[in-house]
Protein chains: 2
Amino acid sequence: MPTRTAAQRRTEAKHAYNAYLAQCPSRQLLASLSDKWVTLVLCALGEQESRYSMLGRKIPGVSQKMLTQTLRTLERNGLVQRSVTPTVPVRVDYTLTALGHSLLPVISTIKQWAEQHMPQVRTAQDRYDRHSQADHAEPLRRLA
Amino acid sequence: MPTRTAAQRRTEAKHAYNAYLAQCPSRQLLASLSDKWVTLVLCALGEQESRYSMLGRKIPGVSQKMLTQTLRTLERNGLVQRSVTPTVPVRVDYTLTALGHSLLPVISTIKQWAEQHMPQVRTAQDRYDRHSQADHAEPLRRLA
DNA sequence: CAGAATCCGTCTTGATACTG
DNA sequence: CAGTATCAAGACGGATTCTG
């Protein structure tokens, strides 16, 4: 008797990669996509191709270090194209590749979700924090 | 005189939250969603509600610490519901909330994207790595 | 302009050990 | 079972300096 159904085996054949598994390369990829700078840079480039300094301005709070590092990783993964115009001073433009564009709708939806559901999340956080206070701090505050 | 233009105020009215801005709470939320453990736990719970130890088994490589921490954050943000059955030993079940379910399709798409586009990304990485080698190491290897 | 390189303090991780 | 506590290692972030 097989441990997997035919349907399950078909699913595996389609996927081939399984991000749940630590050894699977797709897990590494998932990890590199699960990054706030990656999300923000990708969304920014999705709105319009940009030069290095413009990206920095569009995403207040990134350090040069993180911006450069993020762009390098994205370039290495084939999501972003870096093109240098050898003027003086040099001009460097970053654009999404076709692969990058295929990811954009997915990633930008997350950013949108975060922006749109902030109120619900806040409510949940307040409730959680109030209850934690009641659970742990109340005994010390009974007479306060 | 207002510090914001009318256009800016209109944009704010539409979005209210802007994840590009470091001070915006939605940016914190985005950052907490942009996490590999969050993605994997959410996907796992999307497939079926689970107990703590089952999650650990479904996601090989998570430390207890990270699993617990991730679950706590998700619970605080209202994405996950934690329910304790006071048996001996205790039984704890985790399920997605309605809010969590609203995020699930978005987040699971990322995991799928990573699994499905792994080949293209590999190709890109190989190309990048070969070129870096050529750019930086070749001069030292001319006669090798 | 678009970085690379370096120092350095802080925050996160992950492994290990212990608990009700 | 479902965690908590702890500690060392590494990643991250900021500021600064330098380059072509």
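A note on names: the letters A, B, ... follow the listed sequences, proteins ahead of strands, and every chain is numbered from 1. For clarity, every value in this text was computed on a predicted model and none was experimentally measured.
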In whole Å, I'd like the distance from the CE atom of A:Met54 to the C1' atom of C:dC1.
13 Å
Look at the side chain of A:Thr97 and the backbone N and O of A:Leu79, then say whether any donor-acceptor pair between them is shorter than 3.5 Å.
yes
Going by atom types only, do A:Ser53 and A:Arg57 share a side-chain donor-acceptor pair under 3.5 Å?
yes
Within this structure, what is the CG-to-C1' distance between B:Leu40 and C:dT13, rounded to whole angstrom?
16 Å
Roughly how far, to the nearest 0.5 Å, is the CG atom of A:Asp35 from the CE atom of A:Met66?
8.5 Å
First of A:Gly61 and A:Pro89 reached from the 5' end of DNA chain D, by closest nucleotide:
A:Gly61
Checking C:dT13, C:dG3, D:dG13 against the side chain of A:Lys65 (C-beta onward), the nearest is D:dG13
Of all the nucleotides listed (D:dC12, D:dG13, D:dA2), which has the minimum atom distance to the side chain of B:Tyr52?
D:dA2
Output yes when at least one side-chain N/O atom of B:Arg82 is less than 4.0 Å from OP1 or OP2 of D:dG3, else no.
yes
Does A:Gln64 get its side chain close enough to the base of C:dA5, under 3.5 Å, for a donor-acceptor pair?
no
Atom pair distance, as rounded to whole Å: CG in B:Asp35 and C1' in C:dT12:
11 Å
D:dA2 phosphate, OP1 or OP2: any side-chain N/O from B:Arg51 under 4.0 angstrom?
yes
A:Met66 has an atom CE; how far is it from atom C1' of D:dG14, in whole Å?
10 Å
Counting just side-chain N and O atoms, does A:Tyr94 come under 4.0 Å of either OP1 or OP2 of C:dG3?
yes
If you check the A:Lys36 side chain, which of D:dG13, C:dA4, D:dA2 turns out closest?
D:dG13
Could you give the CZ-to-C1' distance, from A:Arg91 to C:dG3, as a whole number of Å?
16 Å
For B:Ser53 and D:dA2, is the shortest distance between a side-chain N/O and OP1 or OP2 below 4.0 Å?
yes
Can you tell me if B:Arg72 touches the phosphate of D:dA2, counting only side-chain N or O atoms and a distance under 4.0 Å to OP1 or OP2?
no
Does C:dT13 have its OP1 or OP2 closer than 4.0 Å to a side-chain nitrogen or oxygen of B:Trp37?
no
Does any N or O in the side chain of B:Ser50 come within less than 3.5 Å of the main-chain N or O of B:Gln48, such that one atom is a donor and the other an acceptor?
yes
Closer than 3.5 angstrom, by distance alone: can the side chain of B:Glu115 be matched with the main-chain N or O of A:Ser26 as a donor-acceptor pair?
no
Rounded to whole Å, CG of B:Leu67 lies from C1' of D:dT4 at a distance of 14 Å
Would you kindly give the CD-to-P distance between B:Gln69 and D:dG3, to the nearest whole Å?
14 Å
